[in-house]
Protein chains: 2
Amino acid sequence: MTPTEHPYPPDRRRLPPEERRRQIVEGAVTFFADVGLDGNTRDLAKRLGVTQSLLFNYFASKSDLLEAVYEHVYLNRLSDDWPAFLTDSRQPIRDRVLTFYESYSKLIFQYEWMRIFMFSGLAGAALNRRYLDHLGRVILAPLLAQMQNTATGPDVPQMEDLWNLHGGIVYIGIRQHIYQVPCPDDPTEAITRAVDRFLAAFNMG
Amino acid sequence: MTPTEHPYPPDRRRLPPEERRRQIVEGAVTFFADVGLDGNTRDLAKRLGVTQSLLFNYFASKSDLLEAVYEHVYLNRLSDDWPAFLTDSRQPIRDRVLTFYESYSKLIFQYEWMRIFMFSGLAGAALNRRYLDHLGRVILAPLLAQMQNTATGPDVPQMEDLWNLHGGIVYIGIRQHIYQVPCPDDPTEAITRAVDRFLAAFNMG
DNA sequence: CGAATAGTTGATCGTAAGATCAATAAGGTT
DNA sequence: AACCTTATTGATCTTACGATCAACTATTCG
């Protein structure tokens with residue numbers, strides 16, 4: 001082999017800007033999820049295999065880069081048709097809730113999502129408040145209305161009860177990715193049991 | 001008044017070491033809970049109204065100071081007689097669980113406790129894993145054994161169910177102190193309802 | 001009151017981190 | 001193969017931060 005053709009290209013330099021930018025953002029997501037939002041740009045550059053100064057060719061400042069990281073992580077955000085699905089009375093409410101949390105847990109029980117959400121929450125970012133507000137209005141509130149129609153027991157669910165259901169489920173992801181303690185590989189069973197307990201309590205089984 | 005006697009002492013300097021140390025640690029607890037574990041010592045000193053160099057007279061390094069912060073926050077740790085209380089069959093299990101979570105939520109639903117626990121969890125501190133392991137062994141496992149004896153329904157609680165109950169409750173504190181979104185001033189009712197749902201699901205009501 | 005003790009300060013050192021910019025060289029074009 | 005464009009680099013500036021230490025002064029004791 002000639003010295004100019006590398007079978008394992010040691011470092012493909014000079015990428016098209018779009019691609020390089022994507023590579024930086026994706027690397028930054030994992031990096032900041034690992035070390036926190038004040039990880040330094042030199043370590044990030046080292047991990048990416050580029051120079052630190054290159055980062056500032058694609059982002060005017062570190063906080064610009066962090067903006068791109070947020071955007072990238074929360075782009076796969078809640079689909080807009082969950083409200084319609086959750087209030088579709090043709091399906092049993094149990095199926096609707098289980099389908100939602102099965103999908104939702106797949107979405108957020110990820111190292112990057114969980115940790116960056118927690119880091120930015122602690123940093124006081126408005127993002128988190130907006131997100132939770134949105135979740136409450138778009139998911140939990142419609143679900144609550146449905147449940148209050150469905151409930152046949154003496155008691156009827158309150159909004160705070162739904163936050164409790166939600167929190168109990170999300171806590172699985174917190175144990176897994178924040179505290180990194182042993183927890184089920186697949187959260188499906190735990191989620192199913194939690195939902196079933198909840199529905200049973202209000203005679204919605 | 002003479003210039004030497006200040007009616008509002010502008011800055012009481014030269015405290016006895018013990019007292020100064022306590023003052024520093026207490027200030028550091030709030031400070032690091034606010035800004036995170038890599039808040040800088042100059043800002044901390046400013047908040048305390050002392051010089052930055054003074055901090056290093058009481059702690060050899062910043063991480064030494066953080067050790068003292070951890071210790072101070074987690075000193076009011078779980079009492080050792082919860083296991084005995086939780087397994088005392090003379091009281092209804094509902095009362096035992098409610099009493100525990102009433103007390104426990106008072107203990108941990110505090111700005112400093114919640115945030116420093118989350119910060120150190122994200123930093124990968126062994127402290128959190130040890131704490132959760134301890135909680136599981138000393139509180140949840142005995143409780144689980146009790147419940148498995150008490151349950152009369154077709155289904156019997158699993159360890160993961162207890163983590164779900166626990167997580168749903170802890171999530172109230174997370175909403176309050178990490179994300180800082182609206183949530184009940186007094187968590188008692190939400191906790192009571194969550195516990196009652198849980199017990200009802202296993203016919204332990 | 002004066003001296004001794006020691007809590008506290010201000011100046012400073014070394015390094016780490018964000019940011020800048022002229023110089024370099026990779027990849028396409030002719 | 002020579003040339004041009006521009007992605008990438010290496011050196012560097014400035015500021016911020018942890019840590020050190022001699023000097024200062026509040027307080028105590030004789």
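Just so we're on the same page: letters track the sequence lines, and every chain starts at 1. Bear in mind that the values here come from a model prediction, so they are computed numbers and not experimental data.
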Hey, could you give me each pair passing salt bridge (Lys or Arg N to Asp or Glu O under 4.0 Å) that has a residue in [range]? Not counting sequence neighbours.
range	value
residues 127-151 of chain A	A:Asp133-A:Arg137
residues 67-76 of chain A	none
residues 105-124 of chain A	A:Glu102-A:Lys106

Query raised in the report: Is the shortest heavy-atom distance from the side chain of B:Leu78 to the side chain of B:Val138 under 4.5 Å?
Result: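 With C-beta onward as the side chain, the pair stays apart.
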**Report entry** Side chain proximity check, A:Arg175 to B:Trp163, heavy atoms < 4.5 angstrom
**Finding:**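 A side-chain contact exists here, since the closest heavy-atom pair is under 4.5 Å.
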Which whole-number value in Å describes the distance from [X] [atom1] to [N] [atom2]?
X	N	atom1	atom2	answer
A:Lys46	C:dA16	NZ	P	10 Å
A:Asp38	D:dG18	CG	P	12 Å
B:Leu65	D:dC17	CG	P	16 Å
B:Arg13	D:dC24	CZ	C1'	8 Å
A:Asp43	C:dT15	CG	P	17 Å
A:Lys62	D:dA16	NZ	C1'	13 Å
B:Leu48	C:dG7	CG	C1'	15 Å
A:Asn40	C:dT15	CG	P	16 Å

**Report entry** Residue pairs, two or more places apart or on separate chains, that pass ring pair (Phe, Tyr, Trp, His ring centres under 6.0 Å) and touch residues 85-114 of chain B
**Finding:**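 Residue pairs passing ring pair (Phe, Tyr, Trp, His ring centres under 6.0 Å), neighbours aside: B:Tyr74-B:Trp113, B:Trp82-B:Phe85, B:Trp82-B:Phe100, B:Phe100-B:Tyr104, B:Tyr101-B:His166, B:Tyr104-B:His166, B:Trp113-B:Phe117, B:Trp113-B:Tyr131.
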Between protein and nucleotides 3-5 of chain C, what N or O pairs are separated by less than 3.5 Å?
unit_1	atom_1	unit_2	atom_2	d
C:dT5	O2	B:Arg14	NH2	3.4

**Report entry** Members of residues 51-61 of chain A that approach DNA chain D, where some heavy atom sits under 4.0 Å away
**Finding:**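 Those residues are A:Thr51, A:Ser53, A:Leu54, A:Asn57, A:Tyr58.
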Query raised in the report: Are any side-chain N or O atoms of B:Ser103 and backbone N or O atoms of B:Thr99, one a donor and one an acceptor, separated by less than 3.5 Å?
Result: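 Judged by distance alone, no pair lies under 3.5 Å.
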Report task. Check the side chains of B:Arg197 and A:Asn164 for a donor-acceptor pair under 3.5 angstrom, ignoring hydrogens and angles. Result ->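 The criterion, which ignores hydrogens and geometry beyond distance, is satisfied for B:Arg197 and A:Asn164.
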Requested in this report: Kindly give the heavy-atom pair with the smallest separation between B:Ala190 and A:Glu160, and that separation in Å.
Outcome: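 Closest approach of B:Ala190 to A:Glu160: CB-CG, 3.6 Å.
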Query - Nearest to side-chain heavy atoms of A:Arg42, which nucleotide of D:dA26, D:dC17, C:dG18 - result: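 The answer is C:dG18, which lies nearest to the side chain.
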Query raised in the report: Looking at A:Thr41, does any N or O in its side chain come under 4.0 Å of the phosphate oxygens OP1/OP2 on C:dA17?
Result: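 So the side-chain polar atoms of A:Thr41 never come under 4.0 Å of the phosphate oxygens OP1 or OP2 of C:dA17.
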Requested in this report: Examine D:dA7: is either OP1 or OP2 under 4.0 Å from a nitrogen or oxygen in the side chain of A:Arg20? Give yes or no.
Outcome: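 For D:dA7, neither OP1 nor OP2 has a side-chain N or O of A:Arg20 closer than 4.0 Å.
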**Report entry** Residue whose nearest DNA chain C nucleotide is more 5′ - B:Pro17 or A:Ser63
**Finding:**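 Taking each residue's closest nucleotide, the earlier one in sequence belongs to B:Pro17.
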